[in-house]
Amino acid sequence: MKRLIYALMALLGFGMVGCEGEDRAAPEYGCPYVNFNLKARVVDEAGEPIPGIEVRLNNDWGKLAESDNLGEIDALGSTFPGNQYEIVFKDVDGEANGGEFETLVLDITDKVEQTAEGVGSWYAGDYKAELGDVTLTRKE
């Protein structure tokens, strides 16, 4: 019976890890992550707000947020460390909300600020970026 329980635990990803000495961190289970807060306002070339623009981190992740009726984004999410430095703005509603706009990929490395240190080996801290107005161009 014990072997069956151990086999099930191994299949589910549970295990026992021993630590010796005070210099070793306690064992952790999960994935490395950072918390990320993004503030921006999405506008067209005339400075008018664009609602319904999808915002993603590092293009591989799901939607972080969508711009509201004022074009504003105030989003908080979690991602793998390093993914907080590239933001993708994508028009996903076509002609609705002011027309079709080109996808914009921004490297925001110089605008990201760490607001809290990480703890342990998985949580790598809190980060934020305030971008101000982000201008999208219309598709031709």
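For clarity, every value in this text was computed on a predicted model and none was experimentally measured. Index from 1, following the sequence.
- For D93, there are no salt bridge (charged side-chain N to carboxylate O under 4.0 Å, His left out) partners at least two apart in sequence or on another chain.
- A distance of 11.0 Å separates CZ in R56 from CD in E66, rounded to the nearest 0.5 Å.
- In this structure, S67 contributes its side chain and G52 its backbone to a donor-acceptor pair below 3.5 Å.
- The side-chain hydrogen bond (donor to acceptor under 3.5 Å, both in side chains) search around E113 returns none, not counting sequence neighbours.
- The side-chain hydrogen bond (donor to acceptor under 3.5 Å, both in side chains) check on N69 picks up nothing, with sequence neighbours excluded.
- The shortest heavy-atom contact between E140 and E102 is N-OE2, 4.4 Å.
- Here the options are V88, I53, L136, the test is side-chain contact (heavy atoms from CB on, under 4.5 Å), and the partner is T103; only V88 passes.
- Of the listed residues (L106, D107, V105), just one forms a side-chain contact (heavy atoms from CB on, under 4.5 Å) with E86, and that residue is V105.
- Between the side chain of Q84 and the backbone N or O of G82 there is at least one donor-acceptor pair closer than 3.5 Å.
- Listed by first then second residue, pairs satisfying salt bridge (Lys or Arg N to Asp or Glu O under 4.0 Å) with a partner in residues 117-130 read K128-E130, not counting sequence neighbours.
- Here the closest heavy-atom approach between residue A75 and residue A65 is recorded as CB-CB, 3.4 Å.
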Hey, can you pull the donor-acceptor pairs under 3.5 Å for the side chains in residues 38-47, sequence neighbours left out?
{"from": "R41", "atom 1": "NH1", "to": "D133", "atom 2": "OD1", "distance (Å)": "3.3"}
{"from": "R41", "atom 1": "NH1", "to": "D133", "atom 2": "OD2", "distance (Å)": "3.4"}
{"from": "D44", "atom 1": "OD1", "to": "A46", "atom 2": "N", "distance (Å)": "3.0"}
{"from": "D44", "atom 1": "OD1", "to": "G47", "atom 2": "N", "distance (Å)": "3.1"}
{"from": "D44", "atom 1": "OD1", "to": "E48", "atom 2": "N", "distance (Å)": "2.8"}
{"from": "D44", "atom 1": "OD2", "to": "R138", "atom 2": "NH2", "distance (Å)": "3.4"}

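- Scanning for side chain to side chain contact (heavy atoms under 4.5 Å, CB included) contacts around Y85 gives T109, V112, Y127, with sequence neighbours left out.
- The structure places CG of D91 at 7.5 Å from CD1 of I50, a figure rounded to the nearest 0.5 Å.
- Residues satisfying the side-chain hydrogen bond (donor to acceptor under 3.5 Å, both in side chains) test with T137, not counting sequence neighbours, are none.
- Residues F89 and L131 form a side-chain contact, since some pair of their non-hydrogen atoms from C-beta on lies under 4.5 Å apart.
- Under the ring pair (Phe, Tyr, Trp, His ring centres under 6.0 Å) criterion, no residue pair touches residues 92-117, with sequence neighbours excluded.
- To the nearest 0.5 Å, atom SG of residue C31 and atom CZ of residue F80 are 5.0 Å apart.
- In terms of the ring-ring contact (aromatic ring centres under 6.0 Å, His included) criterion, residue partners of Y33 (sequence neighbours excluded) are, by chain and number, Y123.
- The distance from the CD1 atom of I87 to the CG atom of L104 is 10.5 Å, given to the nearest 0.5 Å.
- Under the side-chain hydrogen bond (donor to acceptor under 3.5 Å, both in side chains) criterion, N37 pairs with D74, sequence neighbours left out.
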